[in-house]
Amino acid sequence: MATILLFLDRTGTAAGSPLSKVSEELLTLAHTAGEPVVALAGPSDDSLLEQLGRHGVSRVLVSEQPELNDYLLAPKADFLAHMVISTGACAVLLENSADGKDLAGRLGIALSAGVITDVVGLDSELVAEKSVLAGEYNVRARVTTATAILTVKANIVDVVAAETPVTAAVETVEVPFDAASQQVRIVQRSPRAVSGRPALEDARVVVAGGRGLDGDFGPVEQLADALGAAVGASRAATDAGWIDHAFQVGQTGKTVSPQLYISVGISGAIQQKAGMQTSKVIVAINNDEDSPVFEIADFGIVGDLFEVLPQATAEILRRRA
Amino acid sequence: MQRLKGHVAQSALNIIVLIKHVPDAQFDRRLAEDSHRMDRSESILSELDEYALEAALALSEQHGGKNSENTVTAVTVGPPAAVAAVKKALQIGATAGVHLSDEALAGSDAAATSAAIAVLIQHLGTQTPVDLVLTGMASTDGETSLVPAQLAARLGLAQLTQVSALSLSEDGATLMARRDGDTETLELQASLPAVVSVTDQINEPRYPNFKGILAAKKKKVTTLTLADLGLDPALVGASGSWTEVLDAAPRPARAAGTIVSDTGDAGIQLVDFLAAQKLL
Ligand SMILES: Cc1cc2nc3c(=O)[nH]c(=O)nc-3n(C[C@H](O)[C@H](O)[C@H](O)COP(=O)(O)OP(=O)(O)OC[C@H]3O[C@@H](n4cnc5c(N)ncnc54)[C@H](O)[C@@H]3O)c2cc1C
Ligand SMILES: Nc1ncnc2c1ncn2[C@@H]1O[C@H](COP(=O)(O)O)[C@@H](O)[C@H]1O
């Protein structure tokens with residue numbers, strides 16, 4: 001079976017932490033399409049290996065070389081290039097994050113291999129589906145070189161374990177890094193605030209607020225907490241400083257496709273739609289019936305969010321009680 | 001890989017800004033049914049590249065200012081009409097423009113585009129040393145964010161991507177940048193020359209003013225072809241690409257939803273809807 005290489009970046013992750021949902025999704029794709037091998041940057045541990053084994057990973061190639069931490073991304077791309085060559089992998093799966101795309105780009109040049117980003121579907125011939133032009137078109141594309149490099153969006157497959165679990169064996173590797181890959185030094189790291197709510201990209205439900213909130217995210221946060229949802233925002237709300245930029249949904253923020261997206265006081269500009277219109281169910285609350293967001297809403301409420309949201313939140317809590 | 005120049009602390013700062021001419025998202029954007037190529041008739045300077053141009057102008061102004069010999073060259077690769085994006089950049093404040101246009105470039109993917117831009121930058125570097133290449137975080141049509149990383153890899157230059165703050169040390173030798181990741185913010189340092197892509201968080205791009213529009217008329221736009229660069233047409237366009245599009249279809253329209261006006265119980269109706277959809 002064809003080898004599919006998967007990159008796990010655990011350089012900043014505490015030992016024993018569970019795999020992220022996105023990683024499990026990539027593993028699911030990899031063991032369904034071929035023989036998964038993991039290239040791991042950062043420490044390995046027993047619970048990680050156990051999880052990988054459940055996903056059919058029998059081979060884990062680990063590097064803990066300090067360059068992986070000292071410089072921005074490029075050494076990780078070098079590591080991956082060496083792992084593709086040594087495993088003969090026909091495909092590399094990466095997260096569709098800023099880091100994932102940068103790695104994919106560099107790896108593509110190192111290996112003379114084609115890269116497809118924003119993948120939302122993959123068949124056994126490695127033909128990829130992706131949506132382009134802010135979700136207006138669905139495209140099927142494929143890589144024409146020997147190795148395919150794919151950055152895959154979150155939430156496109158249900159996580160399932162491999163049919164037969166295996167024991168993951170660890171091989172520690174040391175790769176030579178290119179001098180050109182050691183030019184951008186990381187001189188300081190500061191953790192970003194964590195919210196305690198589900199991560200935006202992984203969440204089953206997202207409640208997002210825009211300019212209509214007029215500086216008060218309270219109603220959105222309360223509804224989100226009643227639903228166990230992540231909080232998102234439009235750029236108008238992040239630009240105004242009402243909420244951190246990390247919560248922005250859209251072309252220059254996160255792309256989400258949850259089961260349910262509740263858009264609150266957001267007009268629905270093309271750049272906002274780009275980040276959310278593949279959500280399964282879209283609910284919109286806006287006091288202007290001509291807002292473009294209603295064109296894509298499955299359920300729309302023309303009304304004042306400061307009335308509708310607290311009422312809905314109270315009703316959810318009442319039914320739960 | 002060959003260096004654009006060995007770094008010497010020198011007086012003038014020479015910056016290249018990569019800009020792309022892209023279909024305006026305010027209009028319906030279409031892919032042709034047969035070739036799957038983009039209809040580029042209603043196109044503008046990619047909004048995300050305005051942040052790169054602003055970053056370049058700000059750096060130039062901070063290091064020497066208006067009376068310096070600094071250059072900010074707006075560079076685009078694209079069909080004849082793409083010169084409009086270069087002209088817009090000149091109105092905003094770029095000092096000169098370069099347009100690489102050749103039929104053989106049509107259908108280039110990120111790898112082929114970065115191959116053409118790499119050769120173009122090496123070519124420009126033989127005339128004026130290049131200190132910095134600034135790009136947008138993504139083109140608003142292709143949206144891959146691959147070109148900056150691929151360009152840096154091809155040229156062997158320092159790659160600082162998706163940065164939300166950028167400055168240059170007093171002596172002009174060290175770049176400092178901030179990159180906001182999902183879990184942490186990184187402070188980065190590198191020596192020039194470098195390739196830097198900037199996010200829309202980095203600045204507030206300026207608009208062209210009347211003086212700028214007049215001044216742009218006197219600025220130089222150089223148009224080049226692949227032959228001028230000695231670049232084999234087989235290395236770009238569809239033949240130089242490492243990916244291919246098999247088919248493209250407009251996204252099926254979402255079924256029309258239910259829209260209600262709040263008469264006092266819309267919050268309850270919302271919960272009923274969620275319950276019916278098994279989303280509670
Ligand atoms: C290059 C570029 C990139 C961009 N990237 C993004 C991006 O990633 N994400 C993004 O979101 N935007 C992005 N934008 C901005 C986008 O174009 C819009 O400007 C932005 O999405 C508007 O945010 P908004 O809907 O919150 O604000 P507005 O458009 O001002 O809409 C506010 C809405 O709230 C409604 N409202 C007001 N009061 C109430 C109330 N009491 N009850 C109910 N409804 C109320 C109003 O009717 C209105 O529809 C980008 C723009 C550019 C140029
Ligand atoms: N054809 C092009 N001409 C000039 N610059 C480009 C071109 N394509 C991409 N770029 C630059 O690379 C950035 C990222 O583009 P992309 O990789 O297509 O998302 C853009 O913001 C531009 O700065």
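Residue numbering restarts at 1 for every chain, and letters A, B, ... go by the order of the sequence lines.
Contacts between B/M38 and chain A at a heavy-atom distance below 4.5 Å involve the side chain alone, from C-beta outward. Only the side chain of B/Q26 comes within less than 4.5 Å of a heavy atom in chain A; its backbone stays farther off. B/E204 does not touch chain A: none of its heavy atoms, backbone or side chain, sits under 4.5 Å away. For B/E244, the parts lying under 4.5 angstrom from a heavy atom of chain A are both the backbone and the side chain. Heavy atoms of B/A110 lying under 4.5 Å from chain A are absent altogether.
The ring-ring contact (aromatic ring centres under 6.0 Å, His included) pairs that include a residue from residues 257-280 of chain B are A/F299-B/F273, where partners are two or more places apart or lie in different chains. The salt bridge (Lys or Arg N to Asp or Glu O under 4.0 Å) analysis of residues 270-279 of chain A, with sequence neighbours excluded, yields no pairs.
When every heavy atom of B/L157 is checked against every heavy atom of A/Q183, the shortest pair comes out as C-NE2, 3.2 Å. Smallest separation of non-hydrogen atoms from A/I270 and B/A25: CG2-O, 4.0 Å. Shown here for A/L133 and B/R30, the closest heavy-atom pair between the two residues is CD1-N, 4.5 Å. Shown here for A/A98 and B/Q162, the closest heavy-atom pair between the two residues is CB-CG, 4.1 Å.
When each of B/L280, B/V271, B/D262 is scored by its heavy-atom pairs under 4.5 Å with chain A, the top score falls to B/V271. Most heavy-atom pairs under 4.5 Å with chain A: of the set B/L188, B/D265, B/L175, this distinction falls to B/L188. Heavy-atom pairs under 4.5 Å with chain A were tallied for B/T263, B/T185, B/L274, B/V245; the largest tally goes to B/T185. Chosen from B/D28, B/D272, B/T199, B/L151, the residue pairing most often with chain A at heavy-atom distances under 4.5 Å is B/D272. Your options are B/A138, B/A149, B/A177, and the one with the most heavy-atom pairs under 4.5 Å with chain A is B/A149. Ranked by heavy-atom pairs shorter than 4.5 Å toward chain A, the options B/D247, B/D109, B/L48 are led by B/D247. With chain B as the partner, the residue from A/I301, A/L227, A/L200, A/I316 showing the most heavy-atom pairs under 4.5 Å is A/I301. Chain B forms the most heavy-atom pairs under 4.5 Å with one residue out of A/E289, A/E315, A/Q248, A/R189, and that residue is A/R189.
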Could you go through A/E136 and B/R29, starting from their C-alpha distance and side-chain angles, then the distance that decides it, and tell me whether this counts as salt bridge (charged side-chain N to carboxylate O under 4.0 Å, His left out)? CA-CA 8 Å; A/E136 295 300 326; B/R29 295 182 292 180; over 6 Å; no
Using the rule given for side-chain contact (heavy atoms from CB on, under 4.5 Å), can you reason through A/Q251 versus B/T140, listing the C-alpha separation, both sets of side-chain angles and the distance that settles it, and then say yes or no? CA-CA 8 Å; A/Q251 185 188 48; B/T140 57; 3.6 Å; yes
Take A/Q277 and B/R251 through the test side chain to side chain donor-acceptor pair (under 3.5 Å) and record every step on the way to the result. CA-CA 11 Å; A/Q277 68 178 342; B/R251 183 178 52 86; 3.2 Å; yes
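The main-chain N or O of B/L31 is found under 3.5 Å from a side-chain atom of A/Y137 such that the two form a donor-acceptor pair. A/T144 places a side-chain N or O within donor-acceptor distance of the main-chain N or O of B/W242, the cut-off being under 3.5 Å. Side chain of A/Q311 to main chain of B/G264: a donor-acceptor pair is present (N/O by atom type, distance under 3.5 Å, no hydrogens or angles).
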When the side chains of residues 103-111 of chain A are checked against the rest of the protein, which donor-acceptor pairs come out under 3.5 Å, sequence neighbours left out?
{"residue": "A/R106", "atom": "NH1", "partner": "B/Q159", "partner atom": "OE1", "Å": "2.5"}

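Here the straight-line distance linking atom CD of B/Q189 with atom CZ of A/R185 works out to 9.0 Å at 0.5 Å rounding. Annotation: the span from B/L246 atom CG to A/E125 atom CD amounts to 11.0 Å, rounded to 0.5 Å. Of the inter-residue distances, the one linking A/T252 atom OG1 with B/M137 atom CE reads 5.5 Å to the nearest 0.5 angstrom. The structure places CZ of B/R179 at 9.0 Å from CD1 of A/I186, a figure rounded to the nearest 0.5 Å.
Within residues 141-148 of chain B, the residues that have a heavy atom under 4.5 Å from a heavy atom of chain A are B/D141, B/E143, B/T144, B/S145, B/L146, listed by number.
Of the charged side-chain nitrogens involved, none lies within less than 4.0 Å of a carboxylate oxygen, so that A/R192 and B/E184 do not count as a salt-bridged pair.
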